[in-house]
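Values reported hereafter were calculated over all heavy atoms of this structure, with side chains retained and with hydrogens, waters and symmetry mates removed.
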Amino acid sequence: MNKKIQPKMHEVTFKCATCNSEYKIQSTVKQDTVSIDVCSNCHPFYKGSSVNQKVKGRAEKLSSKFEAGKQTMTAKPVEKKVKTSKKQNVVKSLDDLK
């Protein structure tokens, strides 16, 4: 290898912004410390929390929508109060009009 064109290796500290863990690695990066977003300690894939969820089919989705509708139908309806003015004329029969 030609020594003139190869980049120089030195120890660089990679610091995770999420869990504040530090890794010292040989690299050609010219900085002494590099901040990374996610490392292997805090990434959900490596922690095991990223699990494939069962995908529902069309029939299960439809039945879950109907179940949600049944639950809202069994809830007590809220009574609305009708506002009336005090001067409202109420006609009870045709005789009142004469």
K.L.:
Go through the structure and list residues passing side chain to side chain contact (heavy atoms under 4.5 Å, CB included) with Thr18, not counting sequence neighbours.
P.N.:
Cys16, Val38, Cys42
K.L.:
Kindly check if the number of other-residue, nucleotide or ligand heavy atoms within 6.0 Å of CG (Asn20) is above 12?
P.N.:
yes
K.L.:
Taking side chain to side chain contact (heavy atoms under 4.5 Å, CB included) as the definition, give me every residue that meets it alongside Thr33, ordered by chain and number, with sequence neighbours left out.
P.N.:
Thr13
K.L.:
May I have the list of side-chain donor-acceptor pairs in residues 25-32 shorter than 3.5 Å, sequence neighbours left out?
P.N.:
{"unit_1": "Ser27", "atom_1": "OG", "unit_2": "Val29", "atom_2": "N", "d": "3.2"}

K.L.:
Considering only Ile, Leu, Val, Met, Phe, Trp and Tyr, and joining two whenever side-chain heavy atoms are under 4.5 Å apart, list the other residues clustered with Leu62.
P.N.:
Phe66
K.L.:
Enter the distance from Cys39:SG to Lys15:NZ here, rounded to the nearest 0.5 Å.
P.N.:
12.0 Å
K.L.:
Apply side chain to side chain contact (heavy atoms under 4.5 Å, CB included) to Asn41 and Tyr23, showing your working.
P.N.:
CA-CA 11 Å; Asn41 287 338; Tyr23 302 99; 3.0 Å; yes
